[in-house]
Every structure is written in C-alpha cells, then in structure tokens.
Amino acid sequence: MATVGENIRRYRKAQNLSSAKLAEKVGLTQGAILHYERGIRTPGESQLEKIAHALNVSPRMLEDHRIESAKDLVGALLQLEEEFGLVPDMCDGGLWVDPKARNAQKTVEAISAWGEIRHRLITGEITQEEYDAWKRKF
C-alpha cells in the first residue's frame with residue numbers, strides 16, 4: 001500500500017495539479033506539500049482533511065493502511081470480521097458477510113454498490129476515469 005505522501009502525489013497528479021497549486025488551494029507552502037509527498041513530514045489531521053478536500057477525495061483515501069503482504073491483508077480482514085461480519089467462504093474461497101454482524105446490512109449495501117459500479121466498468125457503461133472518481137469518494 002502507498003504512504004500518505006505517495007497517495008497525495010498520486011491524486012494530485014491525477015488531477016494535473018502542480019504541488020504549488022495544491023499548496024495554494026490548502027493554504028500551505030509548496031515545500032510543505034513536497035515534504036509530505038516525500039515522507040519527510042506527515043500532515044496532521046486538519047492538513048490531511050484540507051488536502052483531501054482540495055483533491056476531491058475522502059481523507060481515508062490518503063491514509064497509509066500499512067498492508068504490504070498477504071499476512072497484513074488477512075490481519076486487516078480479521079479486524080473486519082467482528083465489526084462488519086466479513087468472513088471466509090470455504091466453499092468457493094471467497095468472502096461473505098455474516099448477517100448477524102453488527103453492521104452487516106450496511107456492509108452488504110456498500111459491497112453491492114461497489115459490485116454494481118465495477119460491473120458498469122467491466123461492461124463499458126462507464127470509463128476507468130469515472131470508476132476511479134467513484135473510488136476517490138471513499
């Protein structure tokens with residue numbers, strides 16, 4: 001997974017923004033933005049929110065979730081099991097949502113929305129750019 005700085009840079013470049021222009025939009029110096037992107041400094045919560053807003057993405061999309069291996073991924077999925085009911089399906093090797101979980105209904109709705117938009121991408125109803133724009137909102 002990418003670091004906060006790498007995510008800032010990726011979304012900034014995706015919008016064809018210079019580091020100077022992003023800095024101007026969020027009220028920071030270009031040097032501060034470059035330091036964030038290079039990992040020299042880490043933005044605080046309020047700066048991260050301002051940057052996310054300027055990039056039209058959710059602050060969560062800029063976070064570093066530190067998933068670098070399959071083991072890290074399973075660790076993250078285990079954390080999701082209790083809260084969201086995401087559990088392995090031994091029949092097909094996939095995942096399913098336990099309907100008894102605390103947030104099962106919301107989880108199913110969110111995953112269904114993702115499935116629908118992904119299907120629209122695969123069938124050519126929307127472009128990769130439209131799909132990426134949808135993803136940035138998370």
Side-chain angles (χ1 to χ4, degrees):
M1 298 295 289
T3 66
V4 171
E6 290 167 339
N7 288 330
I8 291 170
R9 185 169 197 257
R10 178 168 38 106
Y11 287 114
R12 175 180 63 77
K13 288 195 167 274
Q15 294 189 23
N16 295 316
L17 279 177
S18 68
S19 55
K21 186 66 175 172
L22 176 58
E24 180 183 318
K25 287 179 122 186
V26 296
L28 295 170
T29 65
Q30 180 181 14
I33 296 296
L34 293 174
H35 280 169
Y36 295 154
E37 290 183 356
R38 294 176 183 148
I40 297 168
R41 293 177 48 203
T42 303
E45 189 175 325
S46 66
Q47 285 104 348
L48 195 63
E49 287 180 14
K50 289 177 185 176
I51 292 168
H53 180 74
L55 295 173
N56 195 30
V57 299
S58 162
R60 301 226 3 113
M61 292 299 286
L62 298 178
E63 292 176 6
D64 178 0
H65 298 286
R66 303 215 186 267
I67 298 174
E68 299 171 358
S69 68
K71 184 177 179 180
D72 293 345
L73 176 61
V74 172
L77 291 171
L78 289 171
Q79 291 177 4
L80 298 174
E81 180 179 7
E82 185 176 322
E83 182 74 21
F84 299 99
L86 199 59
V87 295
D89 182 341
M90 295 309 296
C91 293
D92 69 7
L95 299 170
W96 67 281
V97 177
D98 181 348
K100 295 178 277 181
R102 189 174 24 223
N103 290 308
Q105 183 177 352
K106 289 179 183 178
T107 303
V108 168
E109 290 169 3
I111 292 173
S112 293
W114 178 25
E116 288 174 22
I117 195 89
R118 181 113 176 106
H119 177 76
R120 291 177 63 202
L121 171 68
I122 291 167
T123 61
E125 293 177 52
I126 63 170
T127 65
Q128 182 68 48
E129 292 78 22
E130 290 169 314
Y131 179 68
D132 290 343
W134 180 86
K135 288 193 319 183
R136 284 194 297 271
K137 292 187 167 75
F138 287 87

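With hydrogens and angles disregarded, a donor-acceptor distance shorter than 3.5 Å links the side chain of N7 to the backbone of E63.
Alongside M90, the hydrophobic cluster contains no other residue (criterion: ILVMFWY side chains under 4.5 Å). Think of V87 as one node in a network of Ile, Leu, Val, Met, Phe, Trp and Tyr side chains linked at under 4.5 Å; its network also takes in W96. Taking a 4.5 Å side-chain heavy-atom cut-off between Ile, Leu, Val, Met, Phe, Trp and Tyr, the cluster of V74 extends to L78.
Side-chain contact between L28 and P43 is absent, with no heavy atoms from C-beta onward closer than 4.5 Å.
In the hydrophobic clustering of ILVMFWY residues, with side-chain heavy atoms under 4.5 Å counting as a link, L80 and V108 come out together. No path of Ile, Leu, Val, Met, Phe, Trp and Tyr side chains, each step under 4.5 Å between heavy atoms, connects L62 with L34, placing them in separate hydrophobic clusters.
Take E49 and apply the side-chain hydrogen bond (donor to acceptor under 3.5 Å, both in side chains) test, not counting sequence neighbours, and it matches no residue. H35 pairs by the side chain to side chain contact (heavy atoms under 4.5 Å, CB included) definition with I40, R41, not counting sequence neighbours. Here E37 pairs with R12 under the side-chain hydrogen bond (donor to acceptor under 3.5 Å, both in side chains) rule; sequence neighbours left out. A search for side chain to side chain contact (heavy atoms under 4.5 Å, CB included) contacts involving S18 returns A20, K21, not counting sequence neighbours. A133 pairs by the side chain to side chain contact (heavy atoms under 4.5 Å, CB included) definition with R136, not counting sequence neighbours. Under the rule for a side chain to side chain contact (heavy atoms under 4.5 Å, CB included), the partners of A104 that lie at least two apart in sequence or sit in another chain are V97, A101.
The distance from atom CD of Q79 to atom CD of E81, rounded to the nearest 0.5 Å, is 11.5 Å. Taken from CZ in R66 to OG1 in T3, the straight-line distance is 8.5 Å, to the nearest 0.5 Å. Rounding to the nearest 0.5 angstrom, the gap separating the CZ atom in R10 from the CG atom in D132 is 9.0 Å. To the nearest 0.5 Å, atoms NZ (K50) and NZ (K25) are separated by 14.5 Å. To the nearest 0.5 Å, the span separating CD on E82 from CG on D98 amounts to 11.5 Å.
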query: After noting the C-alpha distance and the side-chain angles of I111 and L95, does the key distance pass the side chain to side chain contact (heavy atoms under 4.5 Å, CB included) rule?
result: CA-CA 11 Å; I111 292 173; L95 299 170; over 6 Å; no
Give the table of side-chain donor-acceptor pairs shorter than 3.5 Å for residues 51-58, with sequence neighbours excluded, one pair per line with atom names and distance.
| unit_1 | atom_1 | unit_2 | atom_2 | d |
| --- | --- | --- | --- | --- |
| S58 | OG | R60 | N | 3.2 |
| S58 | OG | F138 | O | 3.0 |

Residues 119-126 side chain polar contacts: donor-acceptor under 3.5 Å, at least two apart:
| unit_1 | atom_1 | unit_2 | atom_2 | d |
| --- | --- | --- | --- | --- |
| T123 | OG1 | H119 | O | 3.0 |
| T123 | OG1 | R120 | O | 3.3 |
| T123 | OG1 | E125 | OE2 | 3.1 |

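Sequence neighbours left out, the pairs with a member in residues 100-118 that pass side-chain hydrogen bond (donor to acceptor under 3.5 Å, both in side chains) are E83-R102, E83-N103, Q105-E109, W114-Y131.
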